[in-house]
2 protein chains.
Amino acid sequence: MAPLGRIPEATVARLPLYLRGLDAFPVGVTATVSSDELADLAGVNAAKVRKDLSHLGTYGTRGVGYDSAFLRFQISQALGVANVWPVVVCGMGNLGRALANHIGFTDCGFPVVAATDSDLDKIGTVVDGVPVHAPGELGDIVHRLNVAIGVISTPPEAAQGTADALVAAGVTSIMSFAPTVLSAPDEVEIRSVDLVTELQILGFHLHRVRIAEDS
Amino acid sequence: MAPLGRIPEATVARLPLYLRGLDAFPVGVTATVSSDELADLAGVNAAKVRKDLSHLGTYGTRGVGYDSAFLRFQISQALGVANVWPVVVCGMGNLGRALANHIGFTDCGFPVVAATDSDLDKIGTVVDGVPVHAPGELGDIVHRLNVAIGVISTPPEAAQGTADALVAAGVTSIMSFAPTVLSAPDEVEIRSVDLVTELQILGFHLHRVRIAEDS
DNA sequence: GACACCTTGTGCATCAGTTCACAAGAGTCT
DNA sequence: AGACTCTTGTGAACTGATGCACAAGGTGTC
Ligand SMILES: NC(=O)c1ccc[n+]([C@@H]2O[C@H](COP(=O)([O-])OP(=O)(O)OC[C@H]3O[C@@H](n4cnc5c(N)ncnc54)[C@H](O)[C@@H]3O)[C@@H](O)[C@H]2O)c1
Ligand SMILES: NC(=O)c1ccc[n+]([C@@H]2O[C@H](COP(=O)([O-])OP(=O)(O)OC[C@H]3O[C@@H](n4cnc5c(N)ncnc54)[C@H](O)[C@@H]3O)[C@@H](O)[C@H]2O)c1
């Protein structure tokens with residue numbers, strides 16, 4: 001048992017799924033959940049669930065399972081979901097607007113508190129409760145609103161510049177939708193959500209079976 | 001050299017990045033690119049580039065590098081980017097609209113040819129050139145327009161049902177944005193783009209450094 | 001042709017992650 | 001108490017991916 005040892009990256013990526021799976025269990029009610037059930041809910045296998053949970057020093061009871069409420073608490077603790085991390089959306093185009101409008105983020109502790117856009121017609125407006133500022137005000141916004149996470153939904157050409165501005169403002173966590181490789185200091189965590197690449201991976205597999213069929 | 005052996009999944013995921021990196025080289029011009037340069041362009045290291053390319057039986061010339069045009073051809077071939085895979089977007093809400101409107105998909109061979117929505121006000125309309133149909137017509141649409149890929153951008157409650165309908169219609173590739181675990185037959189490839197989970201992973205790391213600072 | 005200089009292709013060590021399989025513990029029933 | 005059932009926690013094998021380091025093989029120069 002390693003109460004607070006290093007948690008493997010692969011495990012971290014699955015913890016949110018377990019947490020979501022636990023929502024199937026009513027709060028306040030004492031209920032137990034087995035690694036098998038959780039595995040089903042999260043779409044992985046039971047051995048992985050147990051090994052993952054063992055990394056957070058969680059203890060279920062053998063022969064019974066895990067206490068759902070306590071497990072939820074433990075995972076929440078590990079992920080730090082009690083924290084609220086304000087988000088700034090850079091680039092209020094088609095995608096940016098959809099993101100800013102998404103209540104699911106706020107519900108999970110990631111409120112979109114501001115946005116930037118280079119379009120003069122948009123600057124100064126308020127979209128779905130989110131005020132749109134000029135890109136130059138980014139540093140100011142970040143400090144004033146305690147922004148922790150920057151989302152990049154600008155056109156690809158503006159992505160690196162926006163990333164630099166975010167980093168300069170002290171933001172260390174970035175989620176980017178731009179189809180570009182971003183460079184930033186090591187301590188900055190960048191997660192790139194590359195939808196075209198996702199589609200191309202799907203396309204690769206479609207292509208494979210097409211070839212297989214033709215042979 | 002394995003001209004057409006199995007390509008590792010991790011490699012497949014990087015091929016689109018290399019292809020994109022090659023765009024920095026003008027077409028039609030004979031130019032060579034080294035694994036080092038490509039590594040920079042794709043944001044990985046040179047050894048990985050070489051090993052990846054070796055999987056497609058590509059041959060660069062030692063001492064020189066890879067012919068950029070030929071390399072582009074080889075990767076395109078492997079990924080099958082010459083194919084056009086029509087896409088249907090299920091759920092024309094905030095996100096679905098952004099996706100349907102995104103020209104980048106069409107440019108890469110993934111045209112959004114139709115959409116579905118359960119909202120009676122939307123059915124029958126055409127949004128950004130994309131006709132919106134009733135969910136019940138999904139099977140028909142898929143056959144008529146040769147749809148290869150289904151995108152799920154419905155509310156989470158409707159996601160599994162939509163996935164089932166896509167599978168029933170013969171679609172074997174799905175990209176889902178719904179925060180739910182989807183089940184489908186093994187031969188169906190599902191890529192789940194889970195933005196809340198992405199944010200929670202960022203949140204985890206923010207949480208870690210906060211704890212580290214407080215100690 | 002010989003030599004200096006590049007950059008590829010790859011064998012190999014290493015590392016991270018997954019999966020198996022089973023002993024150890026906790027409950028339950030008689 | 002003892003036997004039986006259940007499910008956890010984990011050592012160990014295995015799989016896949018990464019990165020190093022260097023021989024092999026090409027180019028260019030003298
Ligand atoms: N829309 C999609 O479904 C989709 C899908 C995949 C990838 N993407 C990527 O996401 C990004 C945004 O896509 P989109 O469809 O919303 O594009 P968009 O053109 O609709 O929006 C981009 C917005 O960014 C603003 N902008 C430009 N430069 C800026 C700067 N320096 N700072 C702040 N804002 C700036 C523009 O004014 C515009 O409002 C693009 O990189 C695109 O490739 C989008
Ligand atoms: N908007 C975002 O930025 C964002 C971010 C992360 C995840 N998501 C997820 O993406 C999905 C869509 O998000 P959204 O913001 O666009 O929601 P939305 O409510 O704006 O749109 C959902 C659309 O789906 C339609 N719909 C409902 N049932 C349907 C069915 N059975 N078949 C077809 N269409 C149906 C609705 O009429 C609506 O138009 C949700 O699951 C959401 O959790 C969205």
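Quantities reported herein were computed from a predicted structural model and do not represent experimental measurements. Scope of the values below: all heavy atoms of this structure, side chains included, with no hydrogens, waters or symmetry mates.
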Task: Where Gly96(A) and Ser153(A) come nearest, the two heavy atoms and their spacing - done: CA-OG, 3.6 Å
Distances under 3.5 Å only, N/O to N/O: pair up the protein atoms with those of nucleotides 16-20 of chain C.
unit_1: dT18(C); atom_1: OP1; unit_2: Arg14(A); atom_2: NH1; d: 3.0
unit_1: dT18(C); atom_1: OP2; unit_2: Arg14(A); atom_2: NH1; d: 3.3
unit_1: dT18(C); atom_1: OP2; unit_2: Arg14(A); atom_2: NH2; d: 2.9
unit_1: dT19(C); atom_1: OP2; unit_2: Asn45(A); atom_2: ND2; d: 2.7
unit_1: dT19(C); atom_1: OP2; unit_2: Lys48(A); atom_2: NZ; d: 3.3
unit_1: dT19(C); atom_1: O4; unit_2: Lys51(A); atom_2: NZ; d: 3.2

- [ ] Kindly write out the residues that satisfy side chain to side chain contact (heavy atoms under 4.5 Å, CB included) with Thr106(B), not counting sequence neighbours, or none if the list is empty.
- [x] Ile103(B), Pro111(B)
Task: Distance, rounded to the nearest Å, where Leu38(A) contributes CG and dT8(D) contributes C1' - done: 13 Å
Task: Charged N-O contact under 4.0 Å between Asp117(B) and Arg97(B) - done: no
Task: Distance, rounded to the nearest Å, where Gln74(B) contributes CD and dG9(C) contributes P - done: 10 Å
Task: Side-chain heavy atoms of Phe177(A) within contact of Leu195(B), under 4.5 Å - done: yes
Open item on the list: Would you say Ser35(B) places a side-chain N or O within less than 4.0 Å of OP1 or OP2 belonging to dT8(C)?
Closed with: yes
Open item on the list: For Thr32(B), is there any backbone N or O sitting under 3.5 Å from a side-chain donor or acceptor partner on Asp67(B)?
Closed with: no
Open item on the list: Would the distance check show the side chain of Glu37(B) and the main-chain N or O of Ser34(B) forming a donor-acceptor pair, the cut-off being under 3.5 Å?
Closed with: yes
Open item on the list: Heavy atoms within less than 4.0 Å of DNA chain C: which residues of residues 61-73 of chain B have one? Give them sorted by number.
Closed with: Thr61(B), Arg62(B), Gly63(B), Val64(B), Gly65(B), Tyr66(B)
TODO: Could you verify whether a donor N or O on one side chain and an acceptor N or O on the other, from Asn83(B) and His207(A), lie under 3.5 Å apart?
DONE: yes
- [ ] May I have the distance from Asp36(B) (atom CG) to dG19(D) (atom P), rounded to whole angstrom?
- [x] 14 Å
Open item on the list: If you compare every side-chain N and O of Tyr59(A) against the phosphate oxygens of dA26(C) (OP1, OP2), does one of them come in below 4.0 Å?
Closed with: no
TODO: Please round to the nearest 0.5 Å and tell me the distance separating atom NE2 of His205(A) and atom CD of Glu189(B).
DONE: 4.0 Å
